[in-house]
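To keep things clear, I will list the structure first and then write my remarks on it.
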Amino acid sequence: LSSEGRTHIQLRELPRSALLTDLRRLCIRNHLLGVTDVAIDYHRFLPTGRAYLTLADTKHLYKNLQALEKASVGSLPIRALSAPTPRSGHGQLDRTGTQRKVFTGNGPHGGISSRMKHVVIWGLPGKISGEAVENYLRDFRLDNVDGKNGAAKVELATNTFSLYSRYLVRPTSTAEAHRLVRQLHMTYYEPEHWGRRYQLRARVVY
């Protein structure tokens, strides 16, 4: 496919643990030109192993692709290709008429605007409500995710089912986001009631 006019580079085969800081170091180490944004690609707020670099001008594309030919992240070789503008998974209004935002967590930055202040939590009971999640996290300082709710459910694809649910929350600061992840990740949801049925995982969305 023609790369003419393109201003995005897709990075592939990244370690799932790669952070924005790793990708920014990659740009500096390989002397990339005109990079205006670095975005990790997500599916339901979990990294896909891909990322996107946005360039200020298409004239930087070819030189940057050349510079990335033998690039690596975390000692692992990666692939770089020219890409069309990626589709964003920004929260959409629910079509059922409830006027609530629906978060898919797909695309660059997971489709959310503020960086490093959102946390995705999964492994929760499938039918748990947003209010119950907020109550469970009452020891943490949370902002509203969608203008009115402190916890927003990450929707499943149409016609899929899960015994577990996934929620997006927005702590008041980056430090609070990391504190929440440290205290919640790999713990069990209400073990006095459920035992080890629901093991939680949590990570910051970059």
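Quick caveat: nothing in here was measured; it's all calculated off a predicted structure.
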* Asked: Just how far is it from atom NE2 of His178 to atom CD of Glu176, taken to the nearest 0.5 Å?
  -> 11.5 Å
* Where the side chain of Asn106 meets the backbone of Gly111, is there a donor-acceptor pair that is under 3.5 Å apart? -> no
* Residue list, side-chain hydrogen bond (donor to acceptor under 3.5 Å, both in side chains) with Thr48, at least two apart or on another chain -> Asp41
* **Distance-minimising heavy-atom pair for Phe45 and Gly110** => CE2-O, 3.4 Å
* Stepwise side-chain contact (heavy atoms from CB on, under 4.5 Å) check, Val133 with Lys153 -> CA-CA 10 Å; Val133 174; Lys153 191 168 188 177; over 6 Å; no
* So which heavy atom on Lys117 is nearest to which on Ser173, and how close? -> CG-C, 4.0 Å
* **Where Leu156 and Ser162 come nearest, the two heavy atoms and their spacing** => CD1-N, 3.8 Å
* Can you list every pair that meets salt bridge (Lys or Arg N to Asp or Glu O under 4.0 Å) and has a residue in residues 74-84, with sequence neighbours left out? -> Glu13-Arg79
* Asked: Could you walk me through whether Ile112 and Phe103 pass the side-chain contact (heavy atoms from CB on, under 4.5 Å) check?
  -> CA-CA 9 Å; Ile112 53 179; Phe103 291 91; 4.1 Å; yes
* Partners of Tyr52 by ring-ring contact (aromatic ring centres under 6.0 Å, His included), sequence neighbours excluded? -> none
* Heavy atoms, side chains only, cut-off 4.5 Å: are Ile128 and Tyr167 in contact? -> yes
* To do: Report whether Trp122 and Leu163 are members of the same hydrophobic cluster (ILVMFWY, side-chain heavy atoms less than 4.5 Å apart, transitive linking).
  => yes
* State which residues pass side-chain hydrogen bond (donor to acceptor under 3.5 Å, both in side chains) with Arg44; sequence neighbours excluded, sorted by chain then number. => none
* Stepwise, does the side-chain contact (heavy atoms from CB on, under 4.5 Å) test hold for Leu184 with Leu137? -> CA-CA 9 Å; Leu184 207 65; Leu137 301 176; 3.9 Å; yes
* Asked: How long is the gap from CD1 on Ile78 to CG on Leu14, to the nearest 0.5 Å?
  -> 5.5 Å
* Gap separating the CG atom of Asn149 from the CG atom of Asp143, nearest 0.5 angstrom -> 13.0 Å
* Structure fact -> When Val169, Val154, Val181 are each screened for side chain to side chain contact (heavy atoms under 4.5 Å, CB included) with Ile121, the one that passes is Val169
* Asked: Are any non-hydrogen side-chain atoms of Leu142 and Leu180 less than 4.5 angstrom apart?
  -> yes
* Structure fact -> Heavy-atom closest pair (His109 atom, Ala39 atom, distance to 0.1 Å) is NE2-CB, 3.3 Å
* **Sequence-distant partners of Ala80, side-chain contact (heavy atoms from CB on, under 4.5 Å), two or more places apart** => Ile9, Leu11, Leu65, Leu68
* Structure fact -> On a heavy-atom basis, the closest approach of Tyr188 and Gly195 is CB-O, 3.9 Å
* **Distance, nearest 0.5 Å, that separates CG of Asn30 from CD of Glu69** => 11.0 Å
* Asked: Could you give the distance from CZ (Arg25) to CG (Leu20), rounded to the nearest 0.5 Å?
  -> 11.0 Å
* Distance-only, no hydrogens or angles: does the His185 side chain make a donor-acceptor pair with backbone N or O of Ala202 under 3.5 Å? -> yes
* Audit row: Tyr206, Val38, side-chain contact (heavy atoms from CB on, under 4.5 Å) steps and yes/no -> CA-CA 10 Å; Tyr206 288 92; Val38 180; over 6 Å; no
* **Heavy-atom check, side chain of Pro84 versus side chain of Arg6, under 4.5 Å** => yes
* **Main-chain N/O of Thr172 paired with Arg141 side-chain donor or acceptor, under 3.5 Å** => no
* Asked: Is a donor on one side and an acceptor on the other found under 3.5 Å between the side chain of Ser165 and the backbone of Pro125?
  -> yes
* Give a yes or no answer on whether the side chain of Gln10 reaches the backbone of Ala83 with a donor-acceptor pair at less than 3.5 Å. => no
* Asked: Roughly how far, to the nearest 0.5 Å, is the CG atom of Leu61 from the CG atom of Leu53?
  -> 10.5 Å
* Check: Arg16 side chain, Leu46 main-chain N or O, donor-acceptor pair, under 3.5 Å -> no
* Quick one: does Asp57's side chain have a donor or acceptor within less than 3.5 Å of a partner on Lys59's backbone? -> yes
* **Least distance between heavy atoms, Ile40 atom then Pro47 atom** => CG2-CB, 4.3 Å
* **Set of ring-ring contact (aromatic ring centres under 6.0 Å, His included) partners for Tyr62, sequence neighbours left out** => none
* Any idea how Tyr189 and Tyr198 line up, ring-wise: parallel (<30°), tilted (30 to 60°), or perpendicular (>60°)? -> perpendicular
* **Flag, side chain of Thr36 to backbone of Thr54, donor-acceptor distance under 3.5 Å** => yes
